[in-house]
Amino acid sequence: MNQDTICAIATAQGGAIGSIRVSGPDAISITSRIFTPAKSGKTLTESKPYTLTFGRIYDGGEIIDEVLVSLFRSPHSYTGEDCTEITCHGSSYILQRVMQLLIHQGCRMAQPGEYTQRAFLNGKMDLSQAEAVADLIASSSVVTHRLAMSQMRGGFSKELADLRNQLLHFTSLIELELDFSDHEELEFADRTELCQLADNIEAVISGLVHSFSVGNVIKNGVPVAIIGETNAGKSTLLNALLNEDKAIVSDIHGTTRDVIEDTVNMGGVTFRFIDTAGIRETNDTIESLGIERTFQKLEQAEIVLWMVDATDAASQINQLSKQILPRCEGKHLILVFNKADLMTDASSVVPAGFPDNVQSIALSAKRRTNIDELQQILVSAANLPSVTQNDVIVTNVRHYEALTHALEAIKRVQEGLRSNLSGDFVSQDIRECIFHLNDIAGEVTNDMVLRNIFEHFCIGK
């Protein structure tokens with residue numbers, strides 16, 4: 001497949017400018033067959049790399065468009081291959097005509113993620129950096145952008161390389177002893193130093209594993225469940241927070257029967273709001289399933305907004321406390337007194353003995369009063385650490401699983417050293433740890449894993 005020359009539209013439809021990327025051994029010659037420079041002289045195949053040439057795309061004698069062609073020569077390109085980028089007007093007709101011409105001249109339509117996959121296969125980046133490209137495209141906040149940039153620039157790769165180098169040095173000392181096992185007086189690896197080195201490596205890997213809890217929240221959004229009785233105003237609040245009519249709002253009880261989710265960025269933090277079915281006694285089978293899902297989402301949430309109708313607050317709190325409070329242990333619970341415009345002091349109905357760490361706010365979701373104050377409370381409750389482009393935080397599930405296996409292996413190494421286990425067994429555990437770290441960088445990854453990773457990329461990247 002790497003011998004094919006591929007092409008794809010790399011820009012979204014609807015813009016004034018469109019871009020087509022061509023990569024492969026015949027990228028420059030194929031492009032030159034349909035492109036004529038405006039100035040006579042050097043053809044595209046004779047042009048120097050990193051040049052921009054103005055000219056026209058022709059189909060026979062017909063001018064398709066006036067374009068700019070960027071030229072990159074192997075290995076100094078994104079994919080490591082000869083590449084051209086054709087920048088034309090953003091008309092879908094023009095873009096499709098140029099694509100047809102390229103394919104007619106010998107190009108093949110690129111598959112999703114094939115440009116980045118070629119960059120990985122040609123050694124321009126390791127697999128963790130390639131995966132960061134997709135994260136960078138999907139970044140929706142300053143924090144997700146910084147993490148993706150750090151990983152794409154090799155921050156995570158450098159951390160892994162340092163660990164691998166230490167482990168390789170570690171196992172080389174032990175295996176050297178095995179080579180001279182007939183000479184019992186020789187000891188190349190001081191066990192005290194090896195124990196200290198293993199402890200240091202374990203601490204680094206453990207820190208990366210534990211960072212996933214934060215990284216996953218940063219990448220996918222802080223999960224916030226909106227719960228409460230029917231008609232408490234949950235869907236109205238969701239619409240107010242999202243600033244759109246996402247959920248159906250009605251005076252009829254039990255309108256929301258399934259979970260509705262959407263994300264929004266507030267104060268640089270992405271929140272994933274989950275509007276749930278109202279909790280009440282019901283004989284309706286579908287509504288009962290929705291209520292069951294409400295409790296499932298409540299378990300998954302990190303922040304819980306308990307919506308209470310301020311005009312009937314005491315009754316609703318008393319009825320649902322036994323169902324809600326036990327499920328909110330370890331979570332940030334916020335009591336939201338809705339329809340507060342109909343009450344003088346809604347907060348006074350919080351019953352005595354209620355947990356001290358529970359925050360409360362009175363608002364009107366319908367009139368959108370105090371929504372800004374609720375957003376500030378949510379940003380504060382998220383309590384995400386400040387992130388720079390130098391921070392290494394794991395956000396990828398595949399990386400997390402590999403690091404978890406590496407952590408298990410290095411812990412076996414620690415245990416083996418403390419119990420004076422034979423060097424060949426210790427060495428095997430060290431090599432297993434290295435194997436899982438290499439898996440993240442893509443040094444031992446099979447074709448199926450690569451397909452699963454790159455098929456989720458957008459075409460043109």
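The line from CE of M149 to CE of M152 is 4.5 Å long, rounded to the nearest 0.5 Å. With rounding to the nearest 0.5 Å, the separation of CD in Q117 from CG in N122 is 10.5 Å. Separating the CD1 atom in I201 from the CG atom in L197 is a distance of 4.0 Å, to the nearest 0.5 Å. Going from atom CG of L167 over to atom CD1 of I430 covers 7.0 Å, rounded to the nearest 0.5 Å. The CD1 atom of I6 sits 6.0 Å away from atom CZ of R108, with the distance rounded to the nearest 0.5 Å. With rounding to the nearest 0.5 angstrom, the CD atom of E202 is 12.5 Å from the SG atom of C195.
For N165, there are no side chain to side chain donor-acceptor pair (under 3.5 Å) partners at least two apart in sequence or on another chain. For the side chain to side chain donor-acceptor pair (under 3.5 Å) test, residues two or more places apart in sequence or in another chain that qualify with Q414 are D199. Under the rule for a side-chain contact (heavy atoms from CB on, under 4.5 Å), the partners of S70 that lie at least two apart in sequence or sit in another chain are L52, F72, E85. In this view, T116 and Y78 satisfy the side chain to side chain donor-acceptor pair (under 3.5 Å) rule, not counting sequence neighbours. The side-chain contact (heavy atoms from CB on, under 4.5 Å) search around H89 returns D65, I94, not counting sequence neighbours. For D309, the side chain to side chain donor-acceptor pair (under 3.5 Å) partners two or more places apart in sequence, or in a different chain, are T311, K339. Taking the side-chain contact (heavy atoms from CB on, under 4.5 Å) definition, one finds that L95 meets it with I9, I20, C88, sequence neighbours left out. Taking the side-chain contact (heavy atoms from CB on, under 4.5 Å) definition, one finds that E159 meets it with V204, L208, V392, sequence neighbours left out. Not a single ring pair (Phe, Tyr, Trp, His ring centres under 6.0 Å) links Y115 to another residue, sequence neighbours left out.
S419 places a side-chain N or O within 3.5 Å of a backbone atom of E415 that can act as its donor or acceptor partner. Side-chain atoms of S206 do not come within 3.5 Å of backbone N or O of A203 as any donor-acceptor pair. Proximity of a side-chain donor or acceptor of E114 to a complementary backbone N or O of Q111 within less than 3.5 Å is detected. A donor-acceptor contact shorter than 3.5 Å links the side chain of D126 to the backbone of S128. A donor-acceptor contact shorter than 3.5 Å is absent between the side chain of S364 and the backbone of R368. Between the side chain of N338 and the main chain of A365, a donor-acceptor pair closer than 3.5 Å is present. Although no hydrogens or angles enter the test, the distance criterion places no donor-acceptor pair under 3.5 Å between the side chain of K234 and the main chain of L305. Within the 3.5 Å criterion, the main-chain N or O of H76 finds no donor-acceptor partner in the side chain of K124.
At a threshold of 4.5 Å between non-hydrogen side-chain atoms, the residues V133 and Q129 do not count as touching. In this structure the side chain of T87 never reaches within 4.5 angstrom of the side chain of V69, judged on heavy atoms. Taking 4.5 Å as the limit, every side-chain heavy atom of I440 sits out of range of all side-chain heavy atoms of L127. Counting only heavy atoms from C-beta outward, the side chains of R21 and C7 never approach each other to under 4.5 Å. Contact check for L101 versus I57: side-chain heavy atoms found under the 4.5 Å cut-off. With contacts defined as side-chain heavy-atom distances shorter than 4.5 Å, the pair L335/V308 qualifies. Put simply, the side chain of I371 does not reach to within 4.5 Å of the side chain of T369, judged on heavy atoms. D262 is not listed as a side-chain neighbour of F271, based on a closest heavy-atom distance of 4.5 Å or more.
Across every non-hydrogen atom of I361 and N370, the tightest pair is CD1-O, 3.8 Å. Heavy-atom minimum distance, A198 versus L417: CB-CD1, 4.1 Å. Closest of all the heavy-atom pairs between Q375 and L241 is CG-CD2, 4.1 Å. H210 and S213 get closest at one heavy-atom pair: O-OG, 2.9 Å. Summarising the geometry of A441 relative to R164, their closest heavy-atom pair is CB-NH1, 4.0 Å, with the distance given to 0.1 Å. Of all non-hydrogen atoms in F337 and S360, the two that sit nearest each other are CE1-CB, 3.9 Å.
Ion pairing between R398 and E131 holds under the 4.0 Å rule for side-chain N and carboxylate O. Salt-bridge check for R272 with E302: failed, with every basic side-chain N at 4.0 Å or more from each acidic carboxylate O.
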Please table the atom pairs, donor to acceptor, closer than 3.5 Å between any side-chain atom in residues 215-223 and protein atoms at least two apart or in another chain.
| from | atom 1 | to | atom 2 | distance (Å) |
| --- | --- | --- | --- | --- |
| N216 | OD1 | N220 | ND2 | 2.6 |
| K219 | NZ | D135 | OD1 | 3.2 |
| N220 | ND2 | N216 | O | 3.4 |

Quick one: side chains of residues 404-412, donor-acceptor pairs under 3.5 Å with protein atoms, not counting sequence neighbours, listed by atom name and distance.
| from | atom 1 | to | atom 2 | distance (Å) |
| --- | --- | --- | --- | --- |
| T404 | OG1 | Y400 | O | 2.8 |
| R412 | NE | D429 | OD1 | 3.2 |
| R412 | NH2 | E432 | OE1 | 3.0 |
| R412 | NH2 | E432 | OE2 | 3.0 |

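When only modelled atom types and interatomic distance are considered, T79 and S23 share a side-chain donor-acceptor pair under 3.5 Å. A donor-acceptor contact closer than 3.5 angstrom is absent between the side chains of T270 and T263. For the residue pair T84 and T31, a side-chain donor N or O sits within less than 3.5 Å of a side-chain acceptor on the partner.
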Working for side-chain contact (heavy atoms from CB on, under 4.5 Å), residues T395 and T144: CA-CA 9 Å; T395 62; T144 52; over 6 Å; no
Can I86 and L102 be said to form a side-chain contact (heavy atoms from CB on, under 4.5 Å), step by step? CA-CA 11 Å; I86 304 170; L102 290 168; 4.2 Å; yes
Kindly indicate, with the supporting measurements, whether the criterion side-chain contact (heavy atoms from CB on, under 4.5 Å) is fulfilled by C433 and I205. CA-CA 10 Å; C433 186; I205 297 177; 3.9 Å; yes
Passes side-chain contact (heavy atoms from CB on, under 4.5 Å), F156 versus N396? Steps please. CA-CA 11 Å; F156 187 33; N396 187 299; over 6 Å; no
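Within 6.0 Å of CZ on F54 lie more than 12 heavy atoms contributed by other residues, nucleotides or ligands. In the displayed structure, K331 atom NZ is contacted under 6.0 Å by more than 12 heavy atoms of other residues, nucleotides or ligands. Within a 6.0 Å sphere centred on CD of Q196, heavy atoms belonging to other residues, nucleotides or ligands number 12 at most.
Within the structure, no pair that satisfies the ring-ring contact (aromatic ring centres under 6.0 Å, His included) test touches residues 316-336, not counting sequence neighbours.
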